[in-house]
**Student:** 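Once you've had a glance at the structure underneath, I'll fire off some questions.
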Amino acid sequence: MSVRVRFAPSPTGFLHVGGLRTALYNYLFARHHNGTFVLRIEDTDRTRLVENAVENLIKSLHWAGIDYDEGPGRGGEYGPYIQSERLYIYTEYAVQLHQRGAAYYAFDTPEEIDEMRKRNPAESFTKYDRMLMKNELTLSNVEVMKLIEAGKTFVLRLKVPDSTTIVFDDLIRGKVEVTANEIDDQVLMKSDGFPTYHFANVVDDHLMKITHVIRGEEWLPSTPKHVILYDAFGWDKPLFAHLPLLLNPDKTKLSKRQGSAAVEDFASEGYFSDAFVNFIALLGWNPSADREIYSIDELIESFDIEKVNKGGAVFDRAKLEWINFQYLKQKPVSELTDILAPILEAKDISGFNTEYIEKVIDLFRERIKLVKDIPEIAGYMFVPPQEYEPDYMEKYWKANTIEILKPLLVQYKATDDFSHSALYELTKSYIEGLGMKLKEIIHPIRLMLTGKSAGAGMFETMEVLGKDECIKRIEEFIQKKELEGI
RNA sequence: GGCCCCAUAGACUAAUGGUUAGGUCAUCAGCCUUUCACGCUGACAGUAGCGGUUCGAAUCCGCUUGGGGUCACCA
C-alpha cells in the first residue's frame, strides 16, 4: 500500500514554525517513500477564521519549497480538501455513528456545562457527567423528540466505552496506554452543525486513505479519542507518529511571545528558505550527526520517522544564523544580487549596475548575517560617508597624516592600475620608503573612504569603489580637514 | 491537580549492552591580519539522582526529581 500523509493546519493566522516542521517531516516522509503528501485545511471553527489565512499558509509552504500533491488549488481524487466544504460528509458519518450507538445527542447549554464543572471544583478532572446532564442517555425518547421539535440546539457526543483501556502504537514513542475512564465524552458535532477537529480529522483521514498521521505532540492526549472513533466505525487505523515540540529558550512550546514564530517573518527577515528548512529539519532528527548542512534531496533520502527524537527541541537562533551563513557563503552571487537590488531600491539607492552590486556582495558576504545587512554595514559603498567614527579618528588621524597622504594621492591619481594588488604594492613601497608601516596609512585611508573602523580589506574596497570615487573622497576629506585647521 | 509524554554539556544532536561518550552552535583562548569578519588550532562543558538486571548500562527495568503537553460546542 502506498504511503499517504497529510498536513492539516487550521487557517487561524500564519504558518507557525512548528507547523512548518510538521509539514516538512510529512513531506520528507512522503517523498522518501514515494508516497503522496496531502494538504488539508481544518477550518471547522468559524469563530477563528482569519482572512487570507489559507493563502498565507500556502505561500509560506511554497517559500519553504514544500509542495503538496493533493489539496486546495491542486485537486485530487479525495477532495474537497477544505473541511468547511465537506459538511455533508460529516453529517452523514455522524448519523452513522449515532446509529451504531457510539455517540449520543446532548442538549445542555454552555451555561449548564459550566455549572456542572463548577459543581466539583475539587475534582481534578471535570469530565462531562453523562448521567447527570440533559442527553439521550438521561431523557426519554419522547422528551428528546420534543426538544428537537422545539428547535433546541444540540451536539453529538462520543460515548466513550466504560472501563476499558485504549492502546495504540506510536512510531516515535512506542506503546501508549490510557484508561477510558480518563477520556471525556468529546463533542463530535457542534450545535452550529460543524464537526469538531476530533471527528472531522478521523473521518477525513479515513476517507482520504491516510496511512500515517504525523503531527505535533500536543495531539498525543487526544489520540485515544480518535482511536475510539476508528474502532466505533470499524475502520483500520493509520499509524501515528507524534513529533516532539519546538520550544522557546525557556522550554515552553514555541510561541510568538518569545521572538518570532511565524514562518513569513523569517522569510521577510531575509533567511534563505533552504537554510531555514535545513535548520528546522535538524530540530528533532539528524541523519548522522557528522555534518550540519544537507540539501533537501539528502534529507529526503535519509529521512526515517522512527529515528526522530522524543524530546522537545529548543529553537536556537544562533544556530539558525550559523546555518544561514553557511548558505550565504555558497550562494551564487546572482541570487544574492536579486535579493539586494530591491532592498537598495527601497532605500532610494540607485544608479548602480549589477556588476557593481555583485562586487560589493562578494566583498561583504563573509561579514554579514543577512543580505539585508549590507546597506547598513556597507552603506559607504553606495553613498559617501556622512560621519566618521570619533574614536577611530582619534586613534589614527595624526597631525602629520595629511602631509603623508598628499604625495600618495598624487601617485594614486597617476596610476592606471587600480586593482587591489597594484594598490597594495604602490602603497606599501611608498609608506615603507618613509620608514613607516602599512597599517599607519591604511587606517587613515579607511577613515576617509568609509568613515568606519570595520570593513573589508582596504585595497579590495578601493578597487571596487573605483579610482575616481576614491580620489574624490580623499580630496574632499583633506579639503575639509584643512578648512577646519584654519 | 488528573492523565499523557519526555530527560546525553548553555543549545541541536551521535552513539540502538562493550567507544578515552563523537560532531555542530554558543562561549573562551591562540594563530592569521590591514580594521571587522572569515578561516585555522585548541580549551571549557554532558549521560538528572538512586536502586535493579547484566561479566559489562547513556542504552533494559523500577522509583525519585525535573521539564513539557493536555484536560473546550479551539485546532
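By convention in this document, chain letters (A, B, ...) are assigned in the order of the sequence lines, proteins followed by strands, and residues within each chain are numbered from 1.
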**Student:** Please report the distance separating the P of B:A48 from the corresponding atom of B:G67, rounded so that it comes out in whole Å.
**Tutor:** 15 Å

**Student:** B:C73, B:U24, B:U13: which one has an atom nearest the side-chain heavy atoms of A:Thr196?
**Tutor:** B:C73

**Student:** Please state the P separation for the pair B:A58 and B:G69 - nearest whole angstrom.
**Tutor:** 30 Å

**Student:** Ignoring the backbone of A:Asp316, work out which of B:C3, B:C73, B:C25 is nearest its side chain.
**Tutor:** B:C25

**Student:** Could you check A:Lys175 against A:Asp250 and say which one's nearest nucleotide on RNA chain B is further toward the 5' end?
**Tutor:** A:Lys175

**Student:** Return the value, rounded to whole Å, for the distance between atom CZ of A:Phe459 and atom P of B:U33.
**Tutor:** 15 Å

**Student:** Is the cationic atom of A:Lys452 (NZ for Lys, CZ for Arg) positioned less than 6.0 Å from the six-membered ring centroid of A:Tyr392 and within 45 degrees of its normal?
**Tutor:** no

**Student:** Say we look at B:C40 and B:C32: how far apart would their C1' atoms be, to the nearest angstrom?
**Tutor:** 8 Å

**Student:** OH/A:Tyr396 to NZ/A:Lys439 distance, rounded to the nearest 0.5 angstrom?
**Tutor:** 6.5 Å

**Student:** Under 3.5 Å, is there an N or O donor on one side and an acceptor on the other linking the side chain of A:Arg291 and the base of B:U24?
**Tutor:** no

**Student:** Contact class for A:Arg157 (heavy atom, under 4.0 Å): base, sugar-phosphate, or nothing?
**Tutor:**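 If one applies the 4.0 Å heavy-atom cut-off, A:Arg157 turns out to touch the sugar-phosphate alone, with no base involved.
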
**Student:** Could you state the OH-P distance from A:Tyr392 to B:C36, rounded to the nearest angstrom?
**Tutor:**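 After rounding, the gap between these two atoms is 9 Å.
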
**Student:** Using a cut-off of less than 4.0 Å, is there contact between a side-chain N or O of A:Arg46 and OP1 or OP2 of B:C74?
**Tutor:** no

**Student:** Whole-Å distance between B:A37 P and A:Lys452 NZ?
**Tutor:** 14 Å

**Student:** Among B:C25, B:U70, B:U13, which is the nearest nucleotide to the side chain of A:Trp322?
**Tutor:** B:C25

**Student:** Indicate whether the side chain of A:Asp204 and that of A:Gln83 have a donor and an acceptor atom separated by less than 3.5 Å.
**Tutor:**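 Note: A:Asp204 and A:Gln83 side chains meet the donor-acceptor criterion.
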
**Student:** Would you say the side chains of A:Thr91 and A:Arg86 form a donor-acceptor pair under 3.5 Å?
**Tutor:**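 The criterion, which ignores hydrogens and geometry beyond distance, is not satisfied for A:Arg86 and A:Thr91.
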
**Student:** If you look at every strand shown and take non-hydrogen atoms under 4.0 Å, does A:Asp114 touch a base, only sugar-phosphate, or nothing?
**Tutor:**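 No contact at all - A:Asp114 keeps every heavy atom at 4.0 Å or more from the nucleic acid.
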
**Student:** Let's see if you can work this out: which of B:C38, B:C6, B:C73 has an atom nearest to the side-chain heavy atoms of A:Val155?
**Tutor:** B:C73

**Student:** If I take atom OG1 from residue A:Thr461 and atom CG from residue A:Leu449, how far apart are they, to the nearest 0.5 angstrom?
**Tutor:** 8.5 Å

**Student:** Mind checking the C1' distance from B:C12 to B:C50? Whole angstroms is fine.
**Tutor:**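 Looking at atom C1' only, B:C12 and B:C50 are 29 Å apart.
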
**Student:** Testing the basics here: between A:Ala64 and A:Val277, what is the closest heavy-atom pair and its distance to 0.1 Å?
**Tutor:**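 Heavy atoms of A:Ala64 and A:Val277 come nearest at O-CG2, 3.4 Å.
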
**Student:** So what does A:Gln186 touch, heavy atoms closer than 4.0 Å: a base, only the sugar-phosphate, or nothing?
**Tutor:** nothing

**Student:** Determine the interatomic distance between C1' on B:A7 and the same-named atom on B:G49; round to the nearest Å.
**Tutor:** 12 Å

**Student:** For the side chain of A:Leu220, counting heavy atoms from C-beta on, which of B:C73, B:C5, B:C12 is nearest?
**Tutor:**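 Selected nucleotide (nearest to the side chain): B:C5.
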
**Student:** Take atom C1' in B:G30 and the same atom in B:U59, then report the distance between them in whole Å.
**Tutor:**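 The answer is 38 Å between these two C1' atoms.
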
**Student:** Are a donor atom and an acceptor atom from the side chains of A:His242 and A:Arg173 found within less than 3.5 Å of each other?
**Tutor:**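 A:Arg173 and A:His242 do not have a side-chain donor-acceptor pair below 3.5 Å.
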
**Student:** Would you mind telling me which of B:G69, B:A15, B:U35 lies closest to the side-chain atoms of A:Lys307?
**Tutor:**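 Taking heavy atoms from C-beta onward, the closest nucleotide is B:A15.
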
**Student:** Identify whether any heavy atom of A:Thr44 sits under 4.0 Å from a base atom; if not, whether one sits that close to sugar-phosphate; answer base, sugar-phosphate or nothing.
**Tutor:**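 If one applies the 4.0 Å heavy-atom cut-off, A:Thr44 turns out to touch the sugar-phosphate alone, with no base involved.
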
**Student:** Sticking with atom P, work out how far B:U34 lies from B:C28, rounded to a whole angstrom.
**Tutor:**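 Those two atoms are separated by 24 Å.
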
**Student:** Among B:C74, B:C5, B:A72, which nucleotide has an atom closest to any side-chain atom of A:Asp184?
**Tutor:**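 Nearest listed nucleotide: B:A72.
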
**Student:** May I ask you to say what A:Arg173 touches in the nucleic acid, namely base, sugar-phosphate or nothing, with a heavy-atom cut-off under 4.0 Å?
**Tutor:** sugar-phosphate

**Student:** Rounding to an integer number of angstrom, what distance separates B:U8 and B:C3 when you compare their P atoms?
**Tutor:**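 Their P atoms lie roughly 24 Å apart.
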
**Student:** Side chain of A:Tyr197: nearest nucleotide among B:A75, B:U24, B:U70?
**Tutor:** B:A75

**Student:** Report the residue (A:Arg367 or A:Lys310) whose heavy-atom-nearest nucleotide on RNA chain B is the more 5′ of the two.
**Tutor:**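 Counting from the 5' end, the first nearest nucleotide belongs to A:Lys310.
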
**Student:** Send over the distance from A:Lys225 NZ to B:C3 C1', rounded to a whole Å.
**Tutor:**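 Taking NZ of A:Lys225 and C1' of B:C3, I get 11 Å after rounding.
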
**Student:** Of the nucleotides B:C73, B:A11, B:G23, which has the atom closest to the A:Val314 side chain?
**Tutor:** B:A11

**Student:** Find out whether the Lys NZ or Arg CZ of A:Arg317 is both under 6.0 angstrom from the six-membered ring centre of A:Phe315 and within 45° of the ring's axis.
**Tutor:** no

**Student:** May I ask you to say what A:Asp43 touches in the nucleic acid, namely base, sugar-phosphate or nothing, with a heavy-atom cut-off under 4.0 Å?
**Tutor:** nothing

**Student:** When the distance from CZ of A:Phe194 to C1' of B:C73 is rounded to whole Å, what number comes out?
**Tutor:** 13 Å

**Student:** Step through the shown structure and confirm whether more than 12 heavy atoms of other residues, nucleotides or ligands are within 6.0 Å of NZ on A:Lys395.
**Tutor:**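 Atom NZ in A:Lys395 is not packed in, count stays at 12 or less.
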
**Student:** Hey, does A:Gly457 reach any base, or is it just sugar-phosphate, or nothing, if we go heavy atoms under 4.0 Å?
**Tutor:** base

**Student:** Check every strand shown and say whether A:Gly216 touches a base, only sugar-phosphate, or nothing at a heavy-atom separation below 4.0 Å.
**Tutor:** nothing

**Student:** A:Glu42 has a side chain; which of B:A75, B:G69, B:U13 sits nearest to it?
**Tutor:** B:A75

**Student:** Is any N or O donor-acceptor pair between the side chain of A:Lys319 and the base of B:U24 shorter than 3.5 Å?
**Tutor:**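 Flag set: donor-acceptor pair detected.
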
**Student:** Categorize A:Ala8 for me: base, sugar-phosphate, or nothing, with a 4.0 angstrom heavy-atom threshold over every strand shown.
**Tutor:**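 No contact at all - A:Ala8 keeps every heavy atom at 4.0 Å or more from the nucleic acid.
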
**Student:** Just the rounded figure in Å: distance from P of B:A48 to NZ of A:Lys251.
**Tutor:**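 Whole-Å distance recorded here is 12 Å.
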
**Student:** Can you check the A:Asn286 CG to B:A11 C1' distance for me, whole Å?
**Tutor:**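 Distance check: A:Asn286 CG to B:A11 C1' gives 14 Å.
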
**Student:** Between A:Lys329 and B:G39, is there a contact of a side-chain N or O with OP1 or OP2 at under 4.0 Å?
**Tutor:** yes

**Student:** Could you give the CD-to-P distance, from A:Glu366 to B:C40, as a whole number of Å?
**Tutor:**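 Roughly 11 Å, once rounded to whole Å.
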
